[in-house]
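Worth knowing before you read on, the calculation uses all heavy atoms, side chains too, and leaves out hydrogens, waters and symmetry mates. Note that the coordinates shown come from a computational prediction; the quantities given were computed from them, not determined experimentally.
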Amino acid sequence: MKRYIFFRILRSLISIILVTTVAYAMIFTLVPRNSIFIGDTTYSRLKGDPDKRTNYENTVYRKLGYIDFMQLDDIAQRITGKTEGTKFDAIMEGRDEVAVQKWEKENRVDGWEIYQLPVAKTCYATREIPVIQRVLRFYANIIDIDHPWKVNDPDNPDLPRYIRFENTPEAGFTLTGSGTQHKYLLYFNSSFPFIHQNIIHLNLGISYPTFQSRGVMDVIFSGQGKTDSREITFETGKTEVSSINIYSRQYQQTAQIDRLQRGRFKDNYTLTTNNYQDPSMAQISLSMGVIALIITYVIGLSAAVFMARHKGRWGDRIGVVIVTVLISVPSLAFIYLFRFIGNTVFGLPADFPVLGGQDIRSYILPTVILGLLSVSGLVIWVRRYMIDQASADYVHFARAKGLSEREISNNHILKNAMIPIVNQIPGAVILSIAGATITETVFAAPGMGKMLPDAIKAYNNSMVIGLVFIFTTLSIISVLLGDILMTIIDPRISLSVKKGAH
């Protein structure tokens, strides 16, 4: 078992890397890079200032990993090794072109090229990053671990460095750090997923052009909608109504702390994010996906068992007709039909934003429809399996013992049928989360399923790669969990390969 899990995890990691790498290479080579500016209003506003637009463009390309980019002050610092001085000033003022040309010649072997701004004619340098190097950088920076030596602040040389458990008035029982990037490394509250950590973070890049300057993981797992303000008493004793998420405190350099932050906090952990009224994309997709799966299995298993026990009778024939029709109807037509019925007959909102993420009625139609979409496939598969099992030797033996058809169906056939069913449950959970793209789009539900096509349309390449990575990881993990659950249901199943077995 341990050997199987080890090699399965190893193969899973290889699969995740291969899928993500292929997606990364395709998106960042086949999609024209200038397409990312189509939805960027800031870029459009800079049309009248070519110099600022050029600097903005190259800065964005650098953030997204297309190029390395240096402005004139960076070049001058590289040449002189200083941030000030006579030679530094001469380069900045354009009086030492020889030094710049010499630097360009020496660094051209590494791919650096010198250009001039359209108006000011001052120099800047760029270097194209090969796609293989971009991929390697992506994986090299994908895991970010916080530790007491993470922060380097010249203005705070006596910064204590530690990690310890504390019971703080503002945040409760937490694992607190000093010298770390985050103040609270482990904490507990009533927000999903209830147990939170800031020790290990996945760095999947920066979202652009939508959700500018925010990390992909932050966009997916942070709240949405309007900010949620409430009364907060800070550690200095100051009380105010604020939307600040007190658990999100991060270190800020001493020179950048303002008077307002000094009035709230006693140390340098003054950077915070906000609380929002609506759940995160991940929470919306997960809650709808899990409930939809429950609906699928409750209805699907009940219908399949009933039809299998009454094979060839009217109940089975009517069920087969209904299932056949449901399979034949395109998913999009099915969604719009039940959306219309739910809205006109039951008065449920046809669009998620009408009532928002805080109202349970917003979730009912998309969740129920998502669950019903998978019922027909489950019914056909389980019905066929149970009918095939009905002719097995152990069923004939059970009948010979005098067991009723209900007992045979529930205690024997269904029990054996549960083995492959349980094996598929984790995968079904993942598919219901990742496969809700059409449903979430129709209902404008702000989940991960809707985010994927939105990111593709907006040329938000980093978000697309991030979602591909998350969905691939969840799918592969589901396969492993399915195998483990199968061994729990039936201990006779062994995942280990015995010596001599073929």
Side-chain angles (χ1 to χ4, degrees), residues 12-13 16-17 19-21 23-24 27-28 36 60 63-65 134-147 150 175 177 180-187 189 191-225 227 245 247-251 271-276 278-287 289 357 430 433-434 436-437 440 445-456 458-477:
S12 298
L13 289 174
I16 292 169
I17 292 173
V19 172
T20 307
T21 300
Y24 192 103
I27 290 174
F28 280 90
I36 62 177
V60 171
K63 286 182 179 179
L64 298 181
R134 286 186 233 162
V135 172
L136 293 176
R137 286 187 181 185
F138 174 80
Y139 289 116
N141 300 315
I142 199 169
I143 297 178
D144 183 21
I145 300 176
D146 209 349
H147 53 81
K150 187 82 170 179
L175 180 63
T180 53
Q181 182 62 41
H182 294 81
K183 174 79 170 178
Y184 302 115
L185 301 176
L186 182 68
Y187 61 93
N189 60 23
S191 300
F192 175 86
F194 315 118
I195 301 175
H196 311 263
Q197 63 86 28
N198 284 316
I199 303 172
I200 301 175
H201 285 272
L202 277 179
N203 177 18
L204 299 179
I206 302 297
S207 177
Y208 178 87
T210 51
F211 307 99
Q212 271 195 49
S213 301
R214 292 180 60 187
V216 169
M217 292 294 288
D218 178 50
V219 172
I220 294 173
F221 288 94
S222 293
Q224 306 177 86
T227 56
N245 178 3
Y247 300 101
S248 66
R249 293 173 60 184
Q250 294 188 50
Y251 192 93
L271 288 176
T272 57
T273 58
N274 292 322
N275 286 310
Y276 295 90
D278 294 343
S280 66
M281 295 179 187
Q283 185 175 350
I284 288 175
S285 294
L286 180 63
S287 57
I430 305 306
I433 297 171
T437 300
E440 289 185 3
M448 290 193 295
K450 180 178 180 296
M451 185 68 249
L452 183 57
D454 286 353
I456 293 173
Y459 297 100
N460 192 338
N461 299 334
S462 298
M463 183 64 69
V464 175
I465 294 299
L467 289 171
V468 168
F469 178 85
I470 291 172
F471 291 153
T472 302
T473 301
L474 292 177
S475 300
I476 290 174
I477 289 175

Item to complete: Of all the heavy-atom pairs spanning P209 and A458, show the shortest one and how long it is.
Response: CD-O, 3.4 Å
Fill in: Reported OG1-to-CG distance for the pair T21 and L136, which is rounded to 0.5 angstrom
8.5 Å
Discussion item. Between I470 and M217, is there a side-chain heavy-atom distance shorter than 4.5 Å?
Written reply: yes
Discussion item. Apply side-chain contact (heavy atoms from CB on, under 4.5 Å) to residues F28 and R134 and explain how you reach the verdict.
Written reply: CA-CA 9 Å; F28 280 90; R134 286 186 233 162; 3.5 Å; yes
Practice prompt. Find the distance between CE (M448) and CD (E440) and round it off to the nearest 0.5 Å.
Written response: 8.0 Å
Worksheet item: What's the shortest heavy-atom distance between Y276 and G225, and which atoms?
Response: CD2-O, 3.3 Å
Worksheet item: About how many Å separate NE2 of H196 and CG of N189, when rounded to the nearest 0.5 Å?
Response: 3.5 Å
Item to complete: With the side chain counted from C-beta on, respond yes when N198 and Y247 share a heavy-atom pair under 4.5 Å apart, and no when they do not.
Response: no
Fill in: Audit row: L204, I142, side-chain contact (heavy atoms from CB on, under 4.5 Å) steps and yes/no
CA-CA 6 Å; L204 299 179; I142 199 169; 3.9 Å; yes
Worksheet entry | From T180 atom OG1 to Q250 atom CD, the distance as rounded to the nearest 0.5 Å | 9.5 Å
Discussion item. Strictly distance-based, threshold 3.5 Å: is any side-chain N or O of S248 a donor or acceptor partner for the main-chain N or O of T273?
Written reply: yes
Worksheet entry | Heavy-atom closest contact (G357 atom, D278 atom, distance) | N-OD1, 3.6 Å
Worksheet entry | I143 side, atom CD1; N203 side, atom CG - distance, nearest 0.5 Å | 10.5 Å
Worksheet entry | K150 atom NZ: more than 12 heavy-atom contacts under 6.0 Å | yes
Worksheet item: Is any side-chain heavy atom of N461 less than 4.5 Å from a side-chain heavy atom of L64?
Response: no
Practice prompt. Kindly indicate whether the side chain of H182, heavy atoms from C-beta on, has any atom under 4.5 Å from the side chain of Y187.
Written response: no
Response to the item:
The side chain to side chain contact (heavy atoms under 4.5 Å, CB included) partner of M463 among V468, I220, I456 is I220
Worksheet item: Side chains of D144 and I200: does their closest heavy-atom pair fall under 4.5 Å?
Response: no
Item to complete: Might you point out which heavy atoms bring S280 and S222 nearest each other, and give the distance in Å?
Response: CB-O, 3.0 Å
Practice prompt. Please report the closest heavy-atom contact between Y139 and I17, naming both atoms and the distance.
Written response: OH-O, 3.0 Å
Practice prompt. Determine, stepwise, if the pair R214 / D218 fulfils salt bridge (charged side-chain N to carboxylate O under 4.0 Å, His left out).
Written response: CA-CA 7 Å; R214 292 180 60 187; D218 178 50; 3.0 Å; yes
Worksheet item: Is it true that the side chains of T210 and N460 contain a donor and an acceptor less than 3.5 Å apart?
Response: yes
Discussion item. Would you compute the distance between atom CD1 of I199 and atom CD of Q181 and round it to the nearest 0.5 angstrom?
Written reply: 14.5 Å
Worksheet entry | Beyond-backbone contact of T272 with N245, side-chain heavy atoms, under 4.5 angstrom | no
Discussion item. Could you check whether any side-chain heavy atom of I284 comes within less than 4.5 Å of a side-chain heavy atom of P279, counting everything from C-beta outward?
Written reply: yes
Fill in: pair F469-I16: side-chain heavy atoms closer than 4.5 Å
yes
